[in-house]
Amino acid sequence: MPQWDGAAGSPGLTVAEAVAVQDRLRPRADLVGPGPRRPATVAGLDVAYAPDGDLLAAAVTVLDTATLTVVDHAVSVGRPAFGYVPGLFAFRELPALLAALDRLTVRPELLVCDGHGLAHPRRFGLACHLGVVTGLPAIGVGKTPLVGTWTGPGPRRGDTAELVDAGEVVGRVLRTRDGVKPVFVSVGHRMGLDNAVAQVLASTPRYRLPETTRTADRLCRETLAAATGPARATG
DNA sequence: GCGACAG
DNA sequence: ATCTTGTCGC
């Protein structure tokens, strides 16, 4: 059985087939936007894995942009649909994320993904994939780089630097907090880079990561804990 | 050929 | 991603 095959043992795609899917879908991504200027709602998506990697929980939280409070949320529990292969991340988390998105009652105006969009070796990261598949505007906010080089950014919140790969600007390195490690913002679908950065800044009033990501992260961890088995005190 | 490599 | 102890700071 292929090493990247899901633990469930389902056939799945081969690495070559997954790459082919990305190549086929890439032309469908709208990397210009400009995207919603004043979205009323923004969604955060994240996935948590069980220690053994056999189980995962995906969560989507929808926040009111005016208050940054959660107005809707949904989760899904399942098995990784693909092994962890840098560059083929979407094939691992997409099924679970889509299942969670389907359970939403509010249609978010923007998806903020935990990972990259254009800042990807084949210019089609998770944010692009999710955007194209759902048709919704999407951006990627990564905690660490996958591709590209940069200089800076300055030390203050709001300072940015271009993320360049193979001679092209694929994203922006953004400082969301004074003196704190920056995040990597890239376009996914139906959004422009300037607007993407603006939306990320608008959702990071206090911490390094967007409130969308933080709330989704909390929710998928709680969901995984509940699915793995309720924690119980030993004393 | 050898490392690096979103989460 | 997840496993992990202490530590520094508001």
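Since the model is a prediction, treat every value here as computed from it, not as a measurement.
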Please step through side-chain hydrogen bond (donor to acceptor under 3.5 Å, both in side chains) for the pair A:T215 and A:T61, ending with a clear verdict.
-> CA-CA 7 Å; A:T215 53; A:T61 53; 2.8 Å; yes
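- Note on A:R214 versus A:D46: no salt bridge recorded, every NZ/NE/NH1/NH2 to OD/OE distance being 4.0 Å or above.
- The interatomic distance linking A:D46 (CG) with C:dT2 (C1') rounds to 13 Å, in whole Å.
- If you check every strand for non-hydrogen atoms under 4.0 Å, A:L88 touches a base.
- Taking the six-membered ring for Trp and thresholds of 30 and 60 degrees, A:W150 and A:F184 have ring planes more than 60 degrees apart, a perpendicular arrangement.
- Within 4.0 Å of A:G140, counting heavy atoms only, lies no atom of the nucleic acid at all.
- At a threshold of 4.0 angstrom between heavy atoms, the contacts of A:A48 are confined to the sugar-phosphate backbone, with no base atom among them.
- The listed nucleotides are C:dC3, B:dG7, B:dA6; the one nearest the side chain of A:P51 is C:dC3.
- Put simply, CZ on A:R122 is 12 Å from C1' on B:dC5, counting in whole angstrom units.
- A:F89 comes within 4.0 angstrom of a nucleotide base, judged by non-hydrogen atoms across all strands.
- A straight line from NE2 of A:H129 to P of B:dA6 spans 19 Å, rounded to a whole angstrom.
- Under the stacking definition used here (centres under 5.5 Å, planes under 30°), the residue A:Y84 qualifies as stacked on the base of B:dG7.
- In the set B:dA6, B:dG7, C:dT2, the nucleotide with an atom closest to the side chain of A:P86 is B:dA6.
- The distance between atom CZ of A:R92 and atom P of C:dA1, rounded to the nearest whole Å, is 12 Å.
- In this entry the distance linking CZ of A:R221 with C1' of C:dC3 reads 12 Å, nearest Å.
- Residue A:L56 is out of contact with every strand shown, counting any heavy-atom pair closer than 4.0 Å.
- Checked against a 6.0 Å centroid threshold, the rings of A:H116 and A:F89 do not count as neighbours.
- With rounding to whole Å, A:L130 atom CG is found 19 Å from B:dA6 atom P.
- Here A:G142 lies in heavy-atom contact (under 4.0 Å) with sugar-phosphate atoms only.
- Other residues, nucleotides and ligands place more than 12 heavy atoms under 6.0 Å from the CZ atom of A:R122.
- Using a 4.0 Å cut-off, no side-chain N or O of A:K143 falls inside it from OP1 or OP2 of B:dA6.
- Atom pair A:F82:CZ and B:dG7:P shows a separation of 18 Å (rounding to whole Å applied).
- One can place CG of A:L126 at 8 Å from C1' of B:dA6, the figure rounded to the nearest angstrom.
- For B:dC5, the OP1/OP2 oxygens have no side-chain nitrogen or oxygen of A:T144 closer than 4.0 Å.
- Within the 4.0 angstrom heavy-atom criterion, only backbone atoms of the sugar-phosphate kind lie near A:P145; the bases stay farther away.
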